[in-house]
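Just so it is clear: chains get the letters A, B, ... in the order the sequence lines come, proteins before strands, and each one is counted from 1.
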Protein chains: 2
Amino acid sequence: MAQSITRQSTELRMSTFRLARRLRLENTDDDLSESQFGVLAVLNRFGPHTLSQLAERERVTAPSMNRTVNFLQERGYLRREADAADGRRSNIVITPEGAVTVRATIDKRDAWLTSRMRDLTLEEREALAAASLIMDRLASE
Amino acid sequence: MAQSITRQSTELRMSTFRLARRLRLENTDDDLSESQFGVLAVLNRFGPHTLSQLAERERVTAPSMNRTVNFLQERGYLRREADAADGRRSNIVITPEGAVTVRATIDKRDAWLTSRMRDLTLEEREALAAASLIMDRLASE
DNA sequence: TATTGTTATACTCTATAACTATA
DNA sequence: TATAGTTATAGAGTATAACAATA
């Protein structure tokens with residue numbers, strides 16, 4: 001019989017935090033934190049966003065995102081472009097250096113997780129891929 | 001065609017961090033952090049552990065776990081019992097108060113995630129349950 | 001010597017509150 | 001008045017390094 005939904009949600013929450021901690025551990029010699037990389041990857045894949053849009057997508061507050069964006073801007077990985085129609089906004093755009101960094105970071109960082117995932121069966125990988133989509137939907141509510 | 005393993009691992013990593021941030025947000029009025037709760041839940045479900053065992057299971061360092069255990073001990077949710085055979089060790093045991101708190105915390109905290117999960121289909125919930133197990137295996141390598 | 005646990009210290013990420021500029 | 005963004009500040013969680021006690 002299936003577990004109760006409560007039990008499933010407890011398990012999912014604990015597994016999510018454990019995996020997040022394990023992944024963070026694997027990053028230590030990286031120059032981008034998980035949050036920083038996440039922003040750059042979104043810009044690279046989905047194009048320019050405003051600060052609020054990034055904050056909402058990554059599930060953090062605007063001040064947190066502002067800090068992350070400042071860091072990435074100082075490194076030259078993105079730039080703020082003034083919005084022609086609304087002086088309060090700026091459009092945040094990845095730079096060529098940022099795009100190169102996304103690619104290099106994926107290659108480097110995914111060594112660990114990708115290699116672990118290669119040891120899984122096809123079915124297990126597909127279960128994780130399906131779960132990723134559902135997790136994003138859960139997070140966006 | 002299935003996505004590449006690299007793409008799958010990037011998606012899983014980003015989804016994991018997004019969901020972790022979203023879940024943490026939901027906890028703010030709780031008296032136990034996710035890490036604190038995780039330890040108590042493990043003790044409640046799997047019995048006594050040494051400090052090292054807890055650190056390894058939860059994927060944190062021993063000093064981090066020590067801090068968490070101290071907090072829970074001060075609150076009266078667990079106690080350290082001297083190990084008869086090895087004076088360096090202590091066995092960390094949940095107290096009755098701790099067990100009550102685990103139960104109450106699950107009920108309170110899972111309101112959000114459980115309610116979101118009720119909106120999913122049975123297949124989606126089973127995909128998440130399957131993924132939780134795989135995520136734990138990934139985290140424990 | 002090696003292992004278990006602890007203390008000291010510092011860093012990263014995040015949040016809330018208060019503020020500025022623009023709509 | 002409301003919204004987008006920013007600055008100031010504080011707190012939680014984690015790590016590494018150094019140490020103490022015991023095996």
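Listed nucleotides C/dT16, C/dC13, D/dT16 differ in distance to A/P63; the shortest reach to its side chain belongs to C/dT16. Of the candidate nucleotides C/dC13, C/dT4, D/dT6, C/dT4 has the atom nearest to the side chain of B/R88. In the set C/dC13, C/dA23, C/dT16, the nucleotide with an atom closest to the side chain of A/Q36 is C/dC13.
With hydrogens and angles left out, the side-chain atoms of B/S64 and B/T61 include a donor and acceptor closer than 3.5 Å. For A/R80 and A/Q73, the side-chain atoms include at least one donor-acceptor pair closer than 3.5 Å.
OP1 or OP2 of D/dG5 lies within a sub-4.0 Å distance of a side-chain N or O belonging to A/S52. Between B/S33 and the phosphate of D/dG13, there is a side-chain N or O to OP1/OP2 separation shorter than 4.0 Å.
Following rounding to the nearest Å, B/F71 (CZ) and D/dT14 (P) show an atom-to-atom distance of 13 Å. Taking atom CG on B/L23 and atom P on D/dG13, their separation rounds to 15 Å, with Å as the unit. Taking atom CG on B/L51 and atom P on D/dT22, their separation rounds to 16 Å, with Å as the unit. Whole-Å rounding puts the A/D83 CG to C/dA21 P distance at 19 Å. In this structure, B/F17 atom CZ and C/dT12 atom P are separated by 16 Å, rounded to whole Å. The nearest whole Å value for the distance from the CZ atom in A/R89 to the P atom in D/dA4 is 6 Å. Remark: C1' of C/dA8 and CG of B/N70 are 14 Å apart, rounded to the nearest angstrom. Here D/dT6 presents its C1' atom at 14 Å from CD of A/E74, a figure rounded to the nearest Å.
B/S64 comes within contact range of at least one nucleobase, with a heavy-atom separation under 4.0 Å. Among the heavy atoms of the strands lying under 4.0 Å from B/S35 are primed sugar atoms or P, OP1, OP2 only; no base atom is included. Using a 4.0 Å heavy-atom distance criterion, B/N66 is classed as a base contact. Looking at heavy-atom distances under 4.0 Å, A/T61 makes contact with a base. When heavy atoms are screened at a 4.0 angstrom cut-off, B/R21 is found touching the sugar-phosphate backbone but no base atom.
Remark: A/R57 is positioned above the aromatic ring of A/F46, its terminal NZ or CZ atom under 6.0 angstrom from the ring centre and at most 45 degrees off the axis.
Judged by distance alone, the side chain of B/Q53 and the main-chain N or O of B/T50 form a donor-acceptor pair under 3.5 Å.
We find that B/R13 and B/E11 are not joined by a salt bridge, their nearest charged nitrogen and carboxylate oxygen being 4.0 Å or further apart.
Sequence order on DNA chain C of the closest nucleotides to A/A84 and A/V60 puts A/V60 first from the 5' end. Taking the nucleotide of DNA chain D with the nearest heavy atom to each of B/R67 and A/N91, the more 5' of the two is matched to A/N91.
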